[in-house]
2 protein chains.
Amino acid sequence: MAMTQTAEQRYTKPVLVAINKPLDEEDSLEALRSHALFCNLRPKDLDSLIQQSRRLRLGHHQLLYRQDMPAHHFFFVISGRLRLYRLDSSGVDRTLDSIAPGDCFAEVMIYANPPKYACYAEALKSSEVLMIPVKAYRELLDRNPEYAQAALSHYAMRAVSRFHDLEIMTVQNARDRLIRYLIDLLPNGAEEGGEVELPLPKCLVASRLAMQPETFSRILADLKSNGLIRVNRSKLFISDPQRLIAISQ
Amino acid sequence: MAMTQTAEQRYTKPVLVAINKPLDEEDSLEALRSHALFCNLRPKDLDSLIQQSRRLRLGHHQLLYRQDMPAHHFFFVISGRLRLYRLDSSGVDRTLDSIAPGDCFAEVMIYANPPKYACYAEALKSSEVLMIPVKAYRELLDRNPEYAQAALSHYAMRAVSRFHDLEIMTVQNARDRLIRYLIDLLPNGAEEGGEVELPLPKCLVASRLAMQPETFSRILADLKSNGLIRVNRSKLFISDPQRLIAISQ
DNA sequence: CTGGGTAATTGACTTAGCTCAATTATTCGC
DNA sequence: GCGAATAATTGAGCTAAGTCAATTACCCAG
C-alpha cells in the first residue's frame with residue numbers, strides 16, 4: 001500500500017543530481033514573470049536572478065529535497081507536478097500539498113531561520129523546476145527593499161490558505177472533509193459547478209484528507225451513485241455544489 | 001454541548017466596543033518591545049505606532065472580531081488568552097488556534113488583499129489586547145523598507161508552524177493526534193518531559209484535534225491509567241515523551 | 001460562601017471508517 | 001502494444017470513535 005511505503009524505500013537515487021542545464025533559453029518562463037513574487041521585479045533584476053538559477057529536470061517519483069536538509073534554494077514549477085510530504089516517526093508518508101506549474105514552493109525558506117526544508121518534495125510525474133538560490137533572492141531584497149512588499153503579500157496569502165487547509169482538517173468525518181476539499185478545488189467555490197481534476201492520485205488525496213484509500217473510494221462511489229458527482233479517472237464533475245454542501249449537514 | 005452552540009448564539013454584544021483607554025501608561029508593554037515584529041523598530045517609530053493604537057479590555061467570552069469583517073487592525077495580547085475559530089455552514093464552531101500573552105494575531109492582515117479577518121476571535125477569559133491600526137503599520141513599513149525583514153521572517157515562521165499543524169491533522173487516529181499535540185506543547189518537544197498546560201479548555205482542544213470531548217476525555221484517562229501522563233486540571237505532566245511516541249507506533 | 005451554569009467524566013450503545021484480502025484497472029517503461 | 005508494477009475498487013469483519021444520556025466536578029457571579 002502506498003501509504004505505508006516510504007519515500008526512503010522507494011528512492012535510492014541521490015537527491016538533486018538531475019540533469020541541470022543553464023537557463024540561456026528564454027522559453028517557458030513567461031509564467032515566472034507573471035508570478036506574484038517576480039512580476040514587480042525590474043527586468044534586469046529578474047534576469048540576474050534567472051541567470052543565477054538552474055533549470056532542473058525531475059523524473060517520475062524523483063525526490064527533489066528531504067525534510068531537514070539545509071535549504072539553499074527555493075523552487076518554481078515550470079512543468080509537471082510535485083507533492084510535499086512529511087514522514088512521521090513510524091515512516092508513514094503524509095501528503096500535505098501538491099504544486100502545479102506556475103507555483104512556487106519552499107519560498108518560505110527565504111527568510112526561515114534555520115533554513116531547513118520543512119518537508120520532502122518529489123515529482124509526481126516528470127517535471128521541470130527552476131531552482132532559485134535563496135541567497136540571490138535575499139540579496140535582491142536587501143538591495144531593493146521596495147520588493148519586499150510583494151513577498152509580504154504573497155506570504156500573507158499563503159498563511160490564510162494554510163489556515164483554511166487546517167479548517168478542513170478539523171471537520172470530523174471523512175465524507176464532509178472530502179466534500180469540502182472538492183468544493184475548494186472548484187474555480188468558483190460553491191458558487192457554481194464544474195469539472196475539477198484531482199491534483200494528486202486518489203491514494204494521496206486520501207492521505208492528505210486523513211483517510212484510507214478504501215474510504216476515499218467508497219465515499220466517491222457513494223456520491224456518484226447519489227448523482228452528486230460524475231467521475232472520470234481523476235476528473236470529477238460537480239453539477240450542484242450546493243447540494244453537496246447540503247448533504248454534509 | 002459547547003461544540004454545537006455557536007458564537008452567534010452566545011454573544012449578542014456588539015463587537016469591538018469594549019472599554020478602550022489611550023495607551024499613555026507605559027506599563028506591561030515590555031513584551032511588545034521584545035516581539036519579533038517590533039523589536040527592531042527605532043524607539044520613536046514604535047512609540048508612534050503605540051500612540052496610534054488602543055488598549056482594549058475584553059470580558060470572558062467576548063467576541064473581538066468576526067470572520068469576513070474588514071480588517072482595519074491587528075492585535076497584540078497583553079494579558080489573558082484568546083482563541084481563533086471559524087463557523088461552518090451548519091454553525092459548528094471549529095477552534096483553530098489559541099493566542100497567549102506576548103503573541104500577535106491577525107497580523108497577516110497587514111498585507112492581505114482583501115483585508116478581511118479569516119476567522120472569529122474571542123477572549124477565553126478577561127483579556128487585554130493592543131489594537132494596532134493596519135494602516136499605521138503599513139505606512140511605517142513603506143517609509144522604512146528595512147523593517148520588512150522582520151515581518152518577512154515572522155511570516156515565514158508562522159507559515160512553517162501552520163504547515164506543522166496541518167501535519168498533525170493528517171494523523172488518522174484520535175489518540176495519536178492527541179499525543180503529537182501534547183508533545184508539541186512540551187518546551188523541548190520529545191527531547192525531555194515536563195509539565196504542559198492546555199492552552200484551551202479540554203472541549204476546545206478536542207475541537208482543535210477533530211475529536212469529540214468524550215473521546216478526548218477517554219484517551220486522557222487511558223494514558224493516565226497507563227502511567228504515561230499525570231493530569232491535574234488543565235496541567236499535564238509528561239515524564240517520558242519517548243514512551244508516548246512509542247505507543248503511537 | 002453559595003448556587004447556577006458550564007465543563008468534564010463515565011457508561012452503554014451504535015456506526016463510520018479501518019484492516020485485511022481479493023479482484024480489476026491503469027499506467028509506464030520497454 | 002505488451003507486460004509488470006502500481007493504483008483503484010469492492011467485500012467482509014472488526015474496532016475506534018461517535019452519540020446519547022446521566023452524573024459529577026468545576027468556576028465564577030452575586
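In the text below, chain A, chain B and the rest are named by the order of the sequence lines, each starting its count at 1.
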Output every pair passing salt bridge (Lys or Arg N to Asp or Glu O under 4.0 Å) with a member in residues 223-237 of chain B, not counting sequence neighbours, ordered by first then second residue. B:Glu197-B:Lys235
Residue pairs passing the salt bridge (Lys or Arg N to Asp or Glu O under 4.0 Å) test with at least one member in residues 173-186 of chain B, sequence neighbours excluded, are B:Glu167-B:Arg180, B:Arg175-B:Asp222
Tell me which nucleotide among C:dA21, D:dT19, D:dA17 gets nearest to the side chain of B:Glu214. D:dT19
Return the nearest nucleotide to the side chain of B:Met211; candidates are D:dG18, D:dA7, C:dA8.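 Out of D:dG18, D:dA7, C:dA8, the nucleotide with an atom closest to B:Met211's side chain is D:dG18.
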For the backbone of B:Ser126 and the side chain of B:Arg57, can you confirm whether one donor and one acceptor N or O come within less than 3.5 Å of each other?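 No, the answer is negative, given that no donor and acceptor are paired below the 3.5 Å cut-off.
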Please list, chain by chain and in numerical order, all residues satisfying ring pair (Phe, Tyr, Trp, His ring centres under 6.0 Å) with A:His72, sequence neighbours excluded. none
Check ring pair (Phe, Tyr, Trp, His ring centres under 6.0 Å) between A:Tyr181 and all other residues, then give those that pass, not counting sequence neighbours.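 Not a single residue meets the ring pair (Phe, Tyr, Trp, His ring centres under 6.0 Å) criterion with A:Tyr181.
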Do the charged groups of A:Asp165 and B:Arg162 touch, with an N to O distance under 4.0 Å? no
Side-chain ion pair, A:Asp93 and A:Arg83, N-O less than 4.0 Å: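 A:Arg83 and A:Asp93: salt-bridged.
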Between [atom2] on [N] and [atom1] on [X], what's the gap in Å once rounded to a whole number?
X        : N      : atom1 : atom2 : result
A:Leu200 : D:dA8  : CG    : P     : 10 Å
A:Leu204 : D:dT6  : CG    : C1'   : 12 Å
A:Ile219 : D:dT10 : CD1   : P     : 14 Å
A:Phe216 : D:dT10 : CZ    : C1'   : 16 Å
B:Asn173 : C:dC18 : CG    : P     : 10 Å
B:Leu209 : D:dG18 : CG    : C1'   : 16 Å
A:Asp93  : D:dT6  : CG    : P     : 14 Å
A:Arg175 : C:dT15 : CZ    : P     : 15 Å

More 5' along DNA chain D: A:Arg218 or B:Ala210, using each one's nearest nucleotide?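 It is A:Arg218, whose closest nucleotide lies nearer the 5' terminus.
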Below the 4.0 Å mark, does [N] have OP1 or OP2 next to a side-chain nitrogen or oxygen of [X]?
X        : N      : result
A:Gln212 : C:dT19 : yes
B:Lys202 : C:dT9  : yes
B:Thr215 : D:dA17 : no

Using five pairs at each end of the helix from C:dC1-D:dG30 to C:dC30-D:dG1 to define an axis, what is the angle between those two axes, to 10°? 70°
Compare every heavy atom of A:Leu220 with every heavy atom of A:Lys202, then report the nearest pair and how far apart it is.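 So the two residues come closest at CE-CD2, 4.2 Å.
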B:Ile183 to B:Ala190 - nearest heavy-atom pair and separation: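 So the two residues come closest at CG2-N, 3.8 Å.
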Test of understanding: with side-chain hydrogen bond (donor to acceptor under 3.5 Å, both in side chains), list the residues that count as partners of B:Ser127, not counting sequence neighbours.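 Counting only residues at least two positions away or on another chain, B:Ser127 forms no side-chain hydrogen bond (donor to acceptor under 3.5 Å, both in side chains).
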Looking at residues at least two apart in the chain, or sitting in another chain, which of them share a side chain to side chain contact (heavy atoms under 4.5 Å, CB included) with [X]?
X        : result
A:Leu186 : A:Val196, A:Ile238, A:Pro241
A:Glu192 : A:Asn188
A:Asp68  : none

Heteroatom pairs (N/O) under 3.5 angstrom, protein to nucleotides 28-30 of chain D:
none

If you measure from CE on A:Met131 to CG on A:Leu58, what distance do you get to the nearest 0.5 Å?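 Rounded to the nearest 0.5 Å, the CE-CG separation comes to 10.0 Å.
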Return the residues of residues 220-234 of chain B meeting this criterion: a heavy atom under 4.0 Å from some atom of DNA chain D. Order them by number, or give none.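 By residue number: B:Arg233.
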For residues 176-184 of chain A, which residues have at least one heavy atom under 4.0 Å from DNA chain C?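 Residues of residues 176-184 of chain A under 4.0 Å from DNA chain C: none.
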